[in-house]
Amino acid sequence: MSLTATQITVGYRRGAPVLRQAGVIVGPGQVVGLAGPSGCGKSTLARVLAMLLPAWSGEVWVDGVLAGGARHRIPRQLRTAVGVVFQSPRRSVDPRFTLADVIAEPLRATHVPSSDAEARVRELVSRVELTGDLLARRPHEVSDGQLQRACLARALALRPRYLVCDEMTSMLDASTAAALVSEVRREVSGRRMGVLAVSHDRELLDVWADDVVSLGSE
Ligand SMILES: Nc1ncnc2c1ncn2[C@@H]1O[C@H](COP(=O)(O)OP(=O)(O)OP(=O)(O)O)[C@@H](O)[C@H]1O
């Protein structure tokens, strides 16, 4: 069982790959840090693992199932097995949504009955320590830290087996960062979620990750 990328070659312009034959393996209950110099392709590999960017060659496997092709062609069950949180919460949400809508979105998209979805949203909100009064607000009415808490709640809504955190805490103050890392840790120890944590903050990775893979030095 693992979230595995093998021999990934991918880029954004034909003939100019950003990654050549790159790979990473994240096991259940494991936090793997992905480090490396700016521009080496950490976010690119994270997007491939989250099945948001199809590789030119190489393979992504989720617990032994090959995820092939473009995202919309990958079965939903496989896609929802991997959650993702990005660096900028503002760029990852629809500005017209309330925070409650943001968190409930994956539940609605997968047709979870509304009473179950409401209960799940309440549970997630308390886990990421958002207060109820914030739920009716839209992204421009809350802080980056509050919005990132909602983005983490959204990413955890469907209980993903793996979570890709791409610089999840780098825009946040220390206490919000610690709260989010601690919630992710709870999911790791509680139900053995596996995590790929991309960060340029080596100190954070040394504390948080079981293993750190350095992309630039491969
Ligand atoms: N959407 C895109 N279109 C074109 N080029 C891109 C795109 N995203 C990233 N790149 C390029 O791909 C390379 C790798 O970028 P990537 O964001 O994966 O690196 P990174 O290691 O995460 O960097 P950082 O630590 O600075 O966030 C860079 O040269 C970048 O300019």
Side-chain angles (χ1 to χ4, degrees), residues 2-26 30-62 67-74 79 81-95 139 143-145 147-152 154-155 160 162-174 176-178 180-181 184 193-218:
S2 63
L3 174 63
T4 301
T6 55
Q7 300 197 306
I8 298 294
T9 297
V10 67
Y12 301 93
R13 276 183 305 123
R14 186 194 281 262
V18 168
L19 296 173
R20 285 189 187 83
Q21 308 271 310
V24 65
I25 300 177
V26 182
Q30 190 187 21
V31 179
V32 175
L34 190 58
S38 177
C40 72
K42 300 183 295 297
S43 295
T44 302
L45 187 57
R47 286 198 282 265
V48 170
L49 267 179
M51 294 170 272
L52 298 169
L53 179 67
W56 294 351
S57 64
E59 292 172 347
V60 174
W61 293 81
V62 186
R71 185 166 171 86
H72 65 274
R73 291 177 56 188
I74 298 171
R79 271 185 279 140
V82 184
V84 59
V85 185
F86 297 103
Q87 176 173 2
S88 166
R90 298 214 178 264
R91 285 196 288 158
S92 354
V93 298
D94 186 325
S143 70
D144 280 343
L147 197 53
Q148 191 67 310
R149 287 172 191 267
C151 287
L152 176 60
R154 174 179 64 180
Y162 299 94
L163 184 69
V164 173
C165 300
D166 187 359
E167 301 278 6
M168 174 179 77
T169 58
S170 52
M171 282 175 68
L172 308 177
D173 63 86
T176 309
L180 294 194
V181 167
V184 172
M193 181 175 76
V195 176
L196 180 80
V198 176
S199 179
H200 62 267
D201 182 345
R202 195 58 201 236
E203 269 176 46
L204 173 77
L205 290 185
D206 285 343
V207 175
W208 190 18
D210 303 306
D211 276 319
V212 179
V213 176
S214 247
L215 200 54
S217 61
E218 275 176 351

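In each ligand, atom 1 is the first atom listed, and ligand 1 is the first ligand listed. The first residue of the sequence shown is numbered 1, and numbering continues consecutively from there.
Annotation: R20, atom CZ; neighbour count of heavy atoms from other residues, nucleotides and ligands within 6.0 Å does not exceed 12.
The ligand atoms of ligand 1 that sit less than 4.0 angstrom from a heavy atom of S43 are 17 (O), 18 (O), 20 (P), 22 (O). The atoms of ligand 1 that sit less than 4.0 Å from any heavy atom of K42 are 18 (O), 19 (O), 20 (P), 21 (O), 22 (O), 23 (O), 24 (P), 25 (O). Those atoms of ligand 1 with a heavy atom of T44 less than 4.0 angstrom away are 14 (C), 15 (O), 16 (P), 18 (O). If you number the atoms of ligand 1 from 1 as listed, the ones under 4.0 Å from a heavy atom of V18 come out as 12 (O), 13 (C), 14 (C).
D144 and R90 get closest at one heavy-atom pair: OD1-NE, 2.8 Å. Taking both residues in full, the closest heavy atoms of P160 and G83 are given as CB-N, 3.5 Å, listed atom of the first, atom of the second, then distance.
With a 4.0 Å cut-off on non-hydrogen atoms, P37 touches ligand 1 through its backbone and not its side chain.
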- Just do the side chain to side chain contact (heavy atoms under 4.5 Å, CB included) check on S170 and D201 with the steps written out, would you? CA-CA 8 Å; S170 52; D201 182 345; over 6 Å; no
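The backbone N or O of V32 lies less than 3.5 Å from no partner atom in the side chain of D211, so there is not a single donor-acceptor pair. No donor-acceptor pair closer than 3.5 Å links the side chain of Q87 to the backbone N or O of M171.
The protein heavy atom nearest to atom 23 (O) of ligand 1 is G39 N, 2.9 Å. Among all protein heavy atoms, the one lying closest to atom 19 (O) of ligand 1 is G41 N, 3.2 Å. The protein heavy atom nearest to atom 26 (O) of ligand 1 is S38 OG, 2.6 Å. The protein heavy atom nearest to atom 6 (C) of ligand 1 is Y12 CD1, 3.2 Å.
There is a protein heavy atom closer than 4.0 angstrom to atom 2 (C) of ligand 1.
With rounding to the nearest 0.5 Å, the separation of NZ in K42 from CZ in R47 is 11.5 Å. Atoms OG1 and CH2, from T169 and W208 in turn, are 6.5 Å apart once rounded to the nearest 0.5 Å.
A heavy-atom separation below 4.0 Å is found between R47 and ligand 1.
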